Undergrad: 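Quick one: this structure, given as C-alpha cells, is what I'll be asking you about.
All heavy atoms count here, side chains included; hydrogens, waters and symmetry mates do not. These figures come from a predicted structure and were not determined experimentally.
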Amino acid sequence: MANSPNKGLHVGLIMDGNGRWAQARGLPRTEGHGRGADAVRRAVEAAPELGITTLTLYAFSADNWRRPAGEVSVLMGLLESFLVRERENCRRRGVRLGLIGRRDRLSPALVRAIEAAEHATGEGTRLYLRLAVDYSGRSAILAAAAALRPDEHCDESGFLRRVNHACHSDLETPQVDLIIRTSGEQRLSDFLLFESAYAELMFIETLWPDFDGADLRRAVEAFRRRERRYGGVSSSNGNPAVELAIAG
C-alpha cells in the first residue's frame, strides 16, 4: 500500500546530537542545545511545504531528568524562551502548538508559557506542531490501558484516541508515518511507541544543530519512494510465495 503524495504526513523527529555537536567544537553541551533551537525553527518552516501536517518533536523525555541539573535547567529555559518568542510567528504561519507529556513536573512559569502558546495558536490549521516534553511512550500506553473499563471493548482507533488523551494531544492526531532520528543513533528511546507501529524509520548522520529544511526534504522524498505494505505483500512483480514466507 503506497503512501499517497497528497496525504498529510505525521512526522516524528528525535532531535539527537546537540551535545556532540558542541563538544566537537570545544563548546559546552548547553551551547549545542541553543543551536538546536535554530534547527527546530528551520524544520517547522519547511514542514508544510513538504506535505507534513503533524510534526512531533522529541524535546525532553521522561528519562532526561537523569541528566545533570544544570543541563536540565538550560533545556527548560530554552523551551520557555522558544514558546514565548515563537508563538506569534507560529500564529501568523498557521502553526498550532501543543505540548504532549506530563506537565506536573514542569515549573509554573513553563506551564504558563505552554498554555499561552497553545491558546494563541489554537486556530492554526497549516501544521500541528507537538513538542514532546517529559514524555514517555510507555507511560502513555499504560495510562490509556488503565483508563479502560473491565467490560469495555476498544478497537485500534479507539485506543489511539485514548493514548492521545493520555499525553494531552488532540484526540484525532493520526498515527505516525515517518520517524527521523539524527546523529546516527538507531533506537526509538520510548518515543511514540503505539503510534509508530507501521512508521517508516530513518536514521541520519547529521547532528541536530546542523539539520535544515533540505535534510527534511530528502527524508520525505526517500519516504515517498518506499512501499508501505502494512503486513501485506509487495505490489511489484516479486514472487508472492517467497514474500509471504519472509513475512510469516
Side-chain angles (χ1 to χ4, degrees), residues 1-4 6-14 51-66 79 95-106 108 110-112 114-119 121-181 187-201 223 226-233 244 247-248:
M1 180 176 179
N3 182 76
S4 166
N6 297 317
K7 175 179 177 290
L9 298 178
H10 181 179
V11 173
L13 273 168
I14 302 176
I52 298 169
T53 53
T54 303
L55 183 64
T56 303
L57 306 182
Y58 207 6
F60 189 88
S61 78
D63 290 327
N64 284 156
W65 292 110
R66 301 173 183 174
L79 176 59
V95 176
R96 177 162 62 105
L97 275 164
L99 182 138
I100 64 170
R102 293 179 59 171
R103 303 189 184 195
D104 58 303
R105 296 192 287 193
L106 306 180
L110 179 51
V111 172
R112 286 194 296 271
I114 292 164
E115 292 173 347
E118 290 176 332
H119 176 75
T121 64
E123 299 301 316
T125 58
R126 195 161 179 247
L127 177 69
Y128 181 27
L129 173 61
R130 304 194 308 168
L131 303 177
V133 178
D134 198 0
Y135 172 85
S136 163
R138 289 173 295 186
S139 294
I141 294 169
L142 288 171
L148 290 172
R149 298 187 305 274
D151 60 343
E152 182 179 0
H153 170 73
C154 187
D155 61 12
E156 181 180 311
S157 62
F159 193 75
L160 176 60
R161 288 170 61 87
R162 288 190 175 275
V163 170
N164 286 334
H165 180 268
C167 64
H168 307 289
S169 179
D170 185 321
L171 296 185
E172 303 306 322
T173 304
Q175 296 192 52
V176 181
D177 296 295
L178 170 63
I179 286 184
I180 305 164
R181 182 169 189 147
R187 55 183 178 273
L188 291 178
S189 298
D190 200 16
F191 183 52
L192 303 177
L193 299 181
F194 184 82
E195 303 93 311
S196 299
Y198 278 100
E200 295 292 313
L201 307 180
F223 164 82
R226 293 185 181 183
E227 183 182 38
R228 305 178 74 192
R229 297 191 295 275
Y230 299 96
V233 298
L244 283 171

Undergrad: To the nearest 0.5 Å, what is the distance between CG on L55 and NE2 on H10?
TA: 7.5 Å

Undergrad: Can you give the donor-acceptor pairs under 3.5 Å from side chains of residues 193-200 to other protein atoms, not counting sequence neighbours?
TA:
| from | atom 1 | to | atom 2 | distance (Å) |
| --- | --- | --- | --- | --- |
| S196 | OG | L192 | O | 2.8 |
| E200 | OE1 | R226 | NH1 | 2.9 |

Undergrad: Do T121 and V95 make a side-chain contact, defined as non-hydrogen atoms from C-beta onward lying under 4.5 Å apart?
TA: no

Undergrad: Just how far is it from atom CZ of F191 to atom OG1 of T56, taken to the nearest 0.5 Å?
TA: 5.5 Å

Undergrad: Once side-chain hydrogen bond (donor to acceptor under 3.5 Å, both in side chains) is applied, do any residues pair with D134, and if so which ones, sequence neighbours excluded?
TA: W65, R105

Undergrad: Once side-chain hydrogen bond (donor to acceptor under 3.5 Å, both in side chains) is applied, do any residues pair with S157, and if so which ones, sequence neighbours excluded?
TA: D155

Undergrad: To check you understand the geometry: which heavy-atom pair defines the closest contact between A117 and L97, and what is its length?
TA: CB-CD1, 3.9 Å

Undergrad: Do Y135 and H168 have side chains that approach each other closer than 4.5 Å (heavy atoms only, starting at C-beta)?
TA: no

Undergrad: Can you tell if the side chain of I14 reaches within under 4.5 Å of the side chain of R187, non-hydrogen atoms only?
TA: no

Undergrad: Looking at CD1 of I100 and OG1 of T173, how far apart are the two atoms once the value is rounded to the nearest 0.5 Å?
TA: 8.0 Å

Undergrad: Excluding sequence neighbours, so at least two apart, what forms side-chain hydrogen bond (donor to acceptor under 3.5 Å, both in side chains) with E118?
TA: R103

Undergrad: So which heavy atom on C154 is nearest to which on F159, and how close?
TA: SG-N, 3.1 Å

Undergrad: Nearest 0.5 Å, please: how far is CD1 in I180 from CG in L13?
TA: 5.0 Å

Undergrad: Quick check for you: to the nearest 0.5 Å, what is the distance between N64 atom CG and Y58 atom OH?
TA: 7.0 Å

Undergrad: Tabulate below the donor-acceptor pairs under 3.5 Å that side-chain atoms of residues 138-150 make, not counting sequence neighbours, or state none.
TA:
| from | atom 1 | to | atom 2 | distance (Å) |
| --- | --- | --- | --- | --- |
| R138 | NE | D190 | OD1 | 3.4 |
| S139 | OG | S136 | OG | 3.1 |

Undergrad: Apply salt bridge (charged side-chain N to carboxylate O under 4.0 Å, His left out) to the pair R130 and D170, showing each step before the final yes or no.
TA: CA-CA 10 Å; R130 304 194 308 168; D170 185 321; over 6 Å; no

Undergrad: Taking atom CG of L131 and atom CD1 of I114, what is their separation to the nearest 0.5 Å?
TA: 8.5 Å

Undergrad: To check you understand the geometry: which heavy-atom pair defines the closest contact between R181 and S189, and what is its length?
TA: NH1-OG, 2.8 Å

Undergrad: Does atom CD of E152 have more than 12 heavy-atom neighbours from other groups under 6.0 Å away?
TA: yes

Undergrad: Suppose we screen for side-chain hydrogen bond (donor to acceptor under 3.5 Å, both in side chains). Which residues come up paired with T54, at least two apart in sequence or across chains?
TA: none

Undergrad: Which heavy atom of I52 sits nearest to which heavy atom of L127, and what is that distance?
TA: O-CD1, 3.5 Å

Undergrad: Taking all atoms of both residues into account, what is the closest heavy-atom pair of V176 and G12, and its distance?
TA: CG1-N, 4.1 Å

Undergrad: Ignoring hydrogens, what is the shortest heavy-atom contact between F223 and L9? Give both atom names and the distance.
TA: CE2-CD2, 3.6 Å

